[in-house]
*Asks:* 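Below is one structure. I have some questions about it.
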Amino acid sequence: MTGHASPILTSLLDTDAYKLHMQQAVFHRYHDVTVVAEFRCRGDELLGFYADEIREAINAMQRLSLNDEEYAWLAALPFFQSDYLNWLRDFRYNPEQVKVRNHHGKLDIRIQGPWREVIMWEVPLLALISEVVHRHRTPQIGTQQALDHLHTKLDAFKHDVADLDMSRFRLMDFGTRRRYSQVVQQSIVSTLKQDFPWLVGTSNYDLARRLDLTPVGTQAHEWFQAFQQISPVLANSQRAALQAWLDEYDDQLGIALTDCIAMDAFLRDFGLAFSQRYQGLRHDSGDPVEWGEKALAHYQKLGIDPQSKTLVFSDNLNLDKALALYRHFGQRANVIFGIGTRLTCDIPGVTPLNIVIKLVECNGKPVAKLSDSPGKTICQDKAFVKALRKAFDLPLVKKAS
């Protein structure tokens, strides 16, 4: 126990927008689909010693619910339907869906249940874990240190862009999942809104509402992963996922995530009709310049003006990397930079956690994320990975992962 009496999470909306966007689509279309998700720490940290405290914080989450102000705010957005919002108002986290244990010092978490409910756990649970760990590791560090470092970075950035046309530069906060704390994220996003003219939104629905910012986000890897079992034919699963998203949202929320299978396989599925209807693409693994060049070449080959499309870069970015990508692509397409950990957990003396929660099963069968970065591949079923690579005409892995 830490002696912190107040709960870590205080709003049902303290999550990333794409969670609610996916949840509405699942609620409407895949009500009976069941899934399993698992926690992964990509580093070697022994986080299992915090299991009891994390479990206690998870139990407190069952008290979260959508209040009247939050409901009205969501209802005013153009893409939510009343049947979903009425259901969401009654939604409560069910801690029994989450199994937490200390496994030889490693933190072991498994989440199981209906997809429409399990989908909500990932982001707040990761934020909760991050905050618990940082409270223990660096209790002396707080908001002021985070803001001091942010101002140093912003001063350097403004100096670097003094002679640059920044009219097309746009930044979004993607920092909920691995933030130092909720208070630090709020303070950083508030400061950016005040001092950084290129901020256009946040992925966090609670902050978007309270700070009057645009909420941003479409779909995550789990959307494409689940279709590996929802779709009757594995080779068609990515196209089925892309089409189902359009069926739900038509011409809204039209940024497609490209790396669940790998960019080359994605582009083979992303034909003329999809390329015209989706507003753009999001990068989340692999070399961003190579990815961007492939995206622009794809549009050009189809006779689509890249200037009419948006490229969202969101993989391990900081301000310097975003600026370098802006210099390369900023005049060739619309570009947006989603920065997460390097905004909300970038404090001298603090080591951010490299943690994720990903789907591993859908309807009792395996699913996989292959991505464009080998270290990000997630699947324990080697036979399924082999089948997936065959279905999408990808080379077999050169070395064991």
Side-chain angles (χ1 to χ4, degrees), residues 16 18 42 153 156-157 160-161 164-178 196 198-203 216-221 224 238 254-270 274-275 278-302 304-346 352 354 356 358 369-378 394:
D16 280 341
Y18 68 11
R42 291 172 176 157
K153 291 191 297 183
F157 183 85
D160 290 341
V161 304
L164 198 61
D165 176 7
M166 292 293 286
S167 59
R168 295 166 66 98
F169 187 95
R170 290 181 288 168
L171 177 75
M172 300 188 300
D173 157 52
F174 276 13
T176 302
R177 294 183 304 158
R178 294 189 280 264
F196 196 79
W198 303 283
L199 181 73
V200 296
T202 174
S203 63
V216 287
T218 53
Q219 78 286 118
H221 296 102
F224 293 93
Q238 193 161 231
I255 300 294
L257 182 61
T258 65
D259 74 325
C260 188
I261 308 293
M263 181 61 162
D264 291 343
F266 176 87
L267 291 179
R268 286 195 290 270
D269 283 343
F270 199 66
F274 285 143
S275 295
Y278 276 88
Q279 283 103 359
L281 303 171
R282 178 160 76 91
H283 170 264
D284 199 47
S285 65
D287 182 274
V289 173
E290 181 182 340
W291 175 89
E293 293 294 349
K294 285 181 179 180
L296 297 185
H298 179 76
Y299 284 128
Q300 289 166 338
K301 187 174 82 172
L302 295 174
I304 296 172
D305 181 4
Q307 295 276 8
S308 70
K309 298 299 179 180
T310 298
L311 303 182
V312 180
F313 294 90
S314 63
D315 180 32
N316 195 27
L317 287 188
N318 57 28
L319 286 170
D320 290 340
K321 289 180 182 178
L323 183 55
L325 289 167
Y326 178 72
R327 290 179 187 273
H328 190 92
F329 292 110
Q331 303 306 315
R332 302 163 64 194
N334 300 305
V335 290
I336 298 177
F337 304 98
I339 303 184
T341 310
R342 299 296 183 270
L343 276 181
T344 60
C345 196
D346 187 16
N354 193 353
V356 296
K358 294 294 181 186
K369 176 197 170 197
L370 300 183
S371 93
D372 289 300
S373 297
K376 288 188 170 184
T377 294
I378 290 181
L394 291 174

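Remember, predicted model here, so these are calculated numbers, not experimental data.
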*Asks:* I need the Leu394 CG to Arg268 CZ distance, nearest 0.5 Å.
*Replies:* 6.0 Å

*Asks:* Between Phe224 and Ile261, is a side-chain contact (heavy atoms from CB on, under 4.5 Å) present by the stated rule, with each step listed?
*Replies:* CA-CA 9 Å; Phe224 293 93; Ile261 308 293; over 6 Å; no

*Asks:* What verdict does the side-chain contact (heavy atoms from CB on, under 4.5 Å) test give for Lys321 and Ile339, after you've listed the backbone C-alpha separation in whole Å, the side-chain angles of each residue and the deciding distance to 0.1 Å?
*Replies:* CA-CA 10 Å; Lys321 289 180 182 178; Ile339 303 184; over 6 Å; no

*Asks:* Rounded at 0.5 Å granularity, tell me how far CG in Leu311 sits from CG in Leu325.
*Replies:* 10.0 Å

*Asks:* Got Val356 and His221 here, is their nearest side-chain heavy-atom distance under 4.5 Å?
*Replies:* no

*Asks:* Report the distance from atom CG of Asp269 to atom CD of Gln238, rounding to the nearest 0.5 Å.
*Replies:* 5.0 Å

*Asks:* Who are the side-chain hydrogen bond (donor to acceptor under 3.5 Å, both in side chains) partners of Thr344, not counting sequence neighbours?
*Replies:* none

*Asks:* Measure the spacing between OG1 of Thr341 and CG of Leu317 and express it to the nearest 0.5 Å.
*Replies:* 10.5 Å

*Asks:* Return the CG to CG distance between Leu343 and Leu319, rounded to the nearest 0.5 Å.
*Replies:* 6.0 Å

*Asks:* Please give me the minimum heavy-atom distance between Pro288 and Phe329, naming the atom from each residue.
*Replies:* O-CE1, 4.0 Å

*Asks:* Donor-acceptor pair, distance only, cut-off 3.5 Å: does the side chain of Lys309 make one with the backbone of Tyr278?
*Replies:* yes

*Asks:* Using a 3.5 Å distance criterion without hydrogens, assess whether the side chain of Arg168 forms a donor-acceptor pair with backbone atoms of Gly330.
*Replies:* yes

*Asks:* Determine whether a donor-acceptor pair (N or O, by modelled atom type, separation under 3.5 Å) exists between the side chain of Gln300 and the backbone of Pro306.
*Replies:* no

*Asks:* Begin with the C-alpha distance, continue with both residues' side-chain angles, and end with the deciding distance and a verdict on side-chain contact (heavy atoms from CB on, under 4.5 Å) for Leu323 and Asp160.
*Replies:* CA-CA 9 Å; Leu323 183 55; Asp160 290 341; 3.9 Å; yes

*Asks:* Report the C-alpha distance between Gln307 and Leu296 in whole Å, list the side-chain angles of each, state the deciding distance to 0.1 Å, and finish with yes or no for side-chain contact (heavy atoms from CB on, under 4.5 Å).
*Replies:* CA-CA 9 Å; Gln307 295 276 8; Leu296 297 185; over 6 Å; no

*Asks:* Should Phe174 and Val216 count as side-chain neighbours, where that means a heavy-atom distance under 4.5 Å?
*Replies:* yes

*Asks:* Donor-acceptor pair, Asp173 side chain versus Gly175 backbone, under 3.5 Å?
*Replies:* yes

*Asks:* Give a yes or no answer on whether the side chain of Ser203 reaches the backbone of Gly217 with a donor-acceptor pair at less than 3.5 Å.
*Replies:* no

*Asks:* If I compare all heavy atoms of Phe266 with all of Ala256, which pair ends up nearest, and what's the gap?
*Replies:* CZ-CB, 3.9 Å

*Asks:* Test your reading of the model: is there a side-chain donor-acceptor pair from Ser275 to the backbone of Phe270, 3.5 Å cut-off?
*Replies:* yes

*Asks:* Which atom pair, heavy atoms only, marks the closest approach of Leu257 to Gln219?
*Replies:* N-OE1, 2.9 Å

*Asks:* Measure up the Phe196 and Trp198 rings against each other and bin them: parallel (under 30°), tilted (30 to 60°), perpendicular (over 60°).
*Replies:* perpendicular

*Asks:* Under the 3.5 angstrom rule, does the side chain of Asp372 hit a backbone N or O of Ala262 as a donor-acceptor pair?
*Replies:* no

*Asks:* Between Phe337 and Tyr326, what is the ring plane arrangement, given parallel below 30°, perpendicular above 60°, and tilted in between?
*Replies:* perpendicular

*Asks:* For Ser314, check side-chain hydrogen bond (donor to acceptor under 3.5 Å, both in side chains) against everything at least two apart and list the hits.
*Replies:* Arg282, Asp284

*Asks:* Within the structure provided, determine whether Arg342 and Asn316 are in side-chain contact (heavy-atom separation under 4.5 Å).
*Replies:* yes

*Asks:* Do His298 and Leu281 come within less than 4.5 Å of each other through their side chains, counting heavy atoms only?
*Replies:* no

*Asks:* Output the distance between atom CD1 (Ile336) and atom NE2 (His283), rounded to the nearest 0.5 Å.
*Replies:* 15.5 Å

